[in-house]
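For reference, the structure discussed in these notes is given below.
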Amino acid sequence: HETVADQQYRPKIHFSPPKGFMNDPNGLIFDGRYYHLYYQHNPFGPYAGHVHWGHAVSTDLYTWQDLPIAIHETEAGEAYSGCAILDRDNRSGLFPARTQDKPQPGSVETAAQKAARLLEGKGEQDQREIDRLAVGPLQGHQKSEYLAALRDDPVAGKDVPVPMAPALPPMAGGLVAIYTRATPQRQTQYLAWSPDGGQTLKDYEGNPVLDIGHNSFRDPKVFWHGPTEKWVMVVVRSREHKVSFYGSFDLKHWMHLSDFGPSGITGVDYECPALAEVEVEGEAPGEKRWVLFVSINPGGPQGGSITQYFVGQFDGERFIPDDTIVDLTDFGKDSYALQTYENMPGKQTVYIAWLDNWQYCEELPNKSWRGIMTLPRKVVLRRDTAGWLRIAQNPYKLEALRKAAIPFPLSRLEAQSSRQVAIPAGEAIELVLDAALEERHNSNLPDGEQGRAGRFVVVFSNRQGESLSIGFDGFSCQLWLDRSNLHGFSHPFFTGTFSSALVPGSRRFKLRIVLDASTLEVFANEGMSVGTALIYPANPLETLSVQVTNAAAVIHKLELYPLRQTVS
Ligand code: FRU
């Protein structure tokens, strides 16, 4: 049942699962009409485990319709992370001729039918079958709950209601998911094909399609490499800190191409790799570079899990980084396992990440559901002040959600002053700010107490004395994010403050801040620095104030928008 925390912390414009646990985004693909978001999902409880693929679709990447589970945990293992591609020409041969598209009533017993049979039977043989079906650390009574859930699952073994209009134009093939089946002994790569535009995913009979006899070999991301006319899979040998590249012409047979790593920050495990060809902003039109994203857990510099990236070249066989630079996608600690969208209109690079951290994801104050996705973010490459190519990330088409702006006219703030405005309780809001601190203000404080040469602070607060601040320090040109004075959650790993260096020597800075229930996303200087944080105010934040110390500030832009709620 839903607790107050379950309601209070559920975001209004970010995807979160109706119930149970969610981690990585999977199978992100635009099929020409729908954006699919599959996700790592435990439907039975608010903890990681019993991993299935949940499924939601959207036409705008903000308004999601949750659909029945697409891939189940089976006797072959849990359904770990993976991706989806469109096999338009049926190169895989997985798709029957169009006339036979309708799933045939199977002769094989479905998981639901099996669960029903086992729940009725009482024999010893059954107990062994039950143990095999209800895998994992389930206690006796939990096993029957698990079986009941399997039996009552709206999809398994029944005709699937089709709430979506047929998405795909007639094509020989269709949507294929490539993912990891995981048992404690083995991680192997599986194919599943969809007869109905992504709603149901049927395991290929010849699975696994890639098995190297390994127990930490997972998270395949596949894409079509045009120049060499083949599918390329990026997958990790986690504990060895290697990203492996494989090639295939039919998705069923894979050849090893090369390995990358260990490189950058190794942490304990490499997870969820992604390789994308990304546009370089402001250079020759069409100029692109390849970006390899590698998530690491645990062992991220901010603690726990985080994603790093490398910029370089990919020739269809190997990834060669341009330089020795390793950078993180985030200066906070709650953005992990990002996956880029396949088949995005205009070949844009847009990703969604899991807005969470493995350090505390199973102990968050909400209980009937856990796990949130980030906003969709568009990625480009841009040169930083030293001339290196870095990713810049911004919310994708968020403007479409803006309601009438909340008036907050302000063009200048004198030193040691502040202004405030009420923000609507329970709504997601976006703040857009472009400001510059002037030179240090000669305050009348005695020597030694004058402090640094100016700070600009954005504070969200409430009457109960909680506050959340995002600030810019003009002396060091650094940004901070401080969630430590919120009282809804405390945990040894739930650290409070994070910082990021902006442009050295520049007292001007730009911020785009999105606050939505238990989430905060900060995009600084047009996305060059991004900070993502879970936040747990015990009481709703009701006031926004801007304050400056030790310097006046010129405000070039200050806009505040409530955002249209997309989650019902
Ligand atoms: C990353 C991860 C993946 C794995 C999945 C299991 O968060 O550990 O490596 O496939 O989660 O749910």
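Not measured: the values here are computed from a predicted model. Excluded from the calculations below are hydrogen atoms, water molecules and symmetry mates; all remaining heavy atoms, backbone and side chain alike, are included.
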Between Leu94 and Asp87, does a side chain to side chain contact (heavy atoms under 4.5 Å, CB included) hold up when you go through it step by step?
-> CA-CA 9 Å; Leu94 288 168; Asp87 177 18; 5.6 Å; no
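- Defined by atom type and a distance below 3.5 Å, a donor-acceptor pair is missing between the side-chain atoms of Thr329 and Arg377.
- Aromatic ring pairs are classed by plane angle as parallel below 30°, tilted from 30° to 60° and perpendicular above 60°; the pair Tyr38 and Trp53 is tilted.
- Screening Arg239, Gln187, Glu240 for a side-chain hydrogen bond (donor to acceptor under 3.5 Å, both in side chains) with His214, the sole residue that qualifies is Glu240.
- In terms of heavy atoms, Ile352 sits closest to Trp64 at CD1-CZ2, 4.2 Å.
- The shortest side-chain heavy-atom distance between Arg181 and Thr183 does not fall under the 4.5 Å cut-off.
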Taking it one step at a time, do Val291 and Thr349 satisfy side chain to side chain contact (heavy atoms under 4.5 Å, CB included)?
-> CA-CA 10 Å; Val291 179; Thr349 306; over 6 Å; no
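- Checking Ser295 against Thr307 by side-chain atom types alone, a donor-acceptor pair falls below 3.5 Å.
- Below 30°, between 30° and 60°, or above 60°: for Phe319 and Phe260 the angle between ring planes is above 60°, a perpendicular geometry.
- Between the side chains of Gln40 and Asn26, a donor-acceptor pair is found at a separation under 3.5 Å.
- With respect to Arg370 and Glu363, no salt bridge is recorded, no charged nitrogen being found less than 4.0 Å from a carboxylate O.
- Judged by distance alone, the side chains of Ser368 and Asn366 never bring a donor and an acceptor atom under 3.5 Å apart.
- Leu534 has its side chain within reach of Tyr360: a pair of non-hydrogen atoms, C-beta onward, lies under 4.5 Å apart.
- Counting all heavy atoms, side chain and backbone alike, Tyr246 lies closest to Leu257 at C-CD1, 3.5 Å.
- No side-chain heavy atom of Tyr204 sits under 4.5 Å from any side-chain heavy atom of Val176.
- Counting all heavy atoms, side chain and backbone alike, Ser258 lies closest to His256 at O-NE2, 3.3 Å.
- Salt-bridge annotation for Asp89 and Arg91: present, with a side-chain N of the basic residue lying under 4.0 Å from a carboxylate O of the acidic one.
- Looking at Trp358 and Asn23, their side chains come closer than 4.5 Å, going by heavy atoms from C-beta outward.
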Give the C-alpha distance, both sets of side-chain angles, the deciding distance and a yes or no for salt bridge (charged side-chain N to carboxylate O under 4.0 Å, His left out) between Arg218 and Glu271.
-> CA-CA 7 Å; Arg218 61 178 179 271; Glu271 298 186 320; 2.6 Å; yes
Candidate pair His14 and Leu355, rule side chain to side chain contact (heavy atoms under 4.5 Å, CB included), full reasoning = CA-CA 10 Å; His14 291 73; Leu355 205 164; 4.1 Å; yes
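- Across all non-hydrogen atoms, the minimal contact from Arg237 to Phe217 is CG-CD1, 3.9 Å.
- For the 3.5 Å distance criterion, the side chains of Tyr396 and Gln348 qualify, holding a donor opposite an acceptor.
- Legend: salt bridge (Lys or Arg N to Asp or Glu O under 4.0 Å) pairs involving residues 183-193, not counting sequence neighbours, sorted by first then second residue: Arg186-Asp211.
- In this structure, Ile85 and Trp224 have side chains that are not in contact, with every pair of non-hydrogen atoms separated by 4.5 Å or more.
- In this view, Asn539 and Asn462, Gln464, Glu466 satisfy the side chain to side chain contact (heavy atoms under 4.5 Å, CB included) rule, not counting sequence neighbours.
- Residues Leu86 and Glu342 fail the side-chain proximity criterion, which asks for heavy atoms closer than 4.5 Å.
- Side-chain contact between Phe15 and Met22: present, with at least one pair of heavy atoms (C-beta onward) separated by less than 4.5 Å.
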Does the side chain to side chain donor-acceptor pair (under 3.5 Å) test come out yes or no for Thr180 and Gln189, once each step is laid out?
-> CA-CA 5 Å; Thr180 301; Gln189 315 322 319; 2.7 Å; yes
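- Using bins of under 30°, 30° to 60° and over 60° for the plane-to-plane angle, the ring pair Phe293/Tyr351 lands in the tilted bin.
- The closest side-chain heavy-atom distance from Pro301 to Ile306 is below 4.5 Å.
- Considering all non-hydrogen atoms of both residues, Asp60 and Arg564 come closest at OD2-NH2, 4.5 Å.
- Contact record, Ser16 with Pro11: OG-CD, 4.0 Å, taken as the closest heavy-atom pair.
- A donor-acceptor contact under 3.5 angstrom links the side chains of Tyr179 and Asp203, judged on distance only.
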Do Phe30 and Tyr35 pass the ring pair (Phe, Tyr, Trp, His ring centres under 6.0 Å) test, and can you show the C-alpha distance, the side-chain angles, and the key distance before you say yes or no?
-> CA-CA 4 Å; Phe30 178 60; Tyr35 292 93; 4.4 Å; yes
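- A cation-pi contact, defined as under 6.0 Å to the ring centre and within 45° of the axis, is absent between Arg483 and Phe489.
- With sequence neighbours left out, the ring pair (Phe, Tyr, Trp, His ring centres under 6.0 Å) criterion links His41 to Tyr39.
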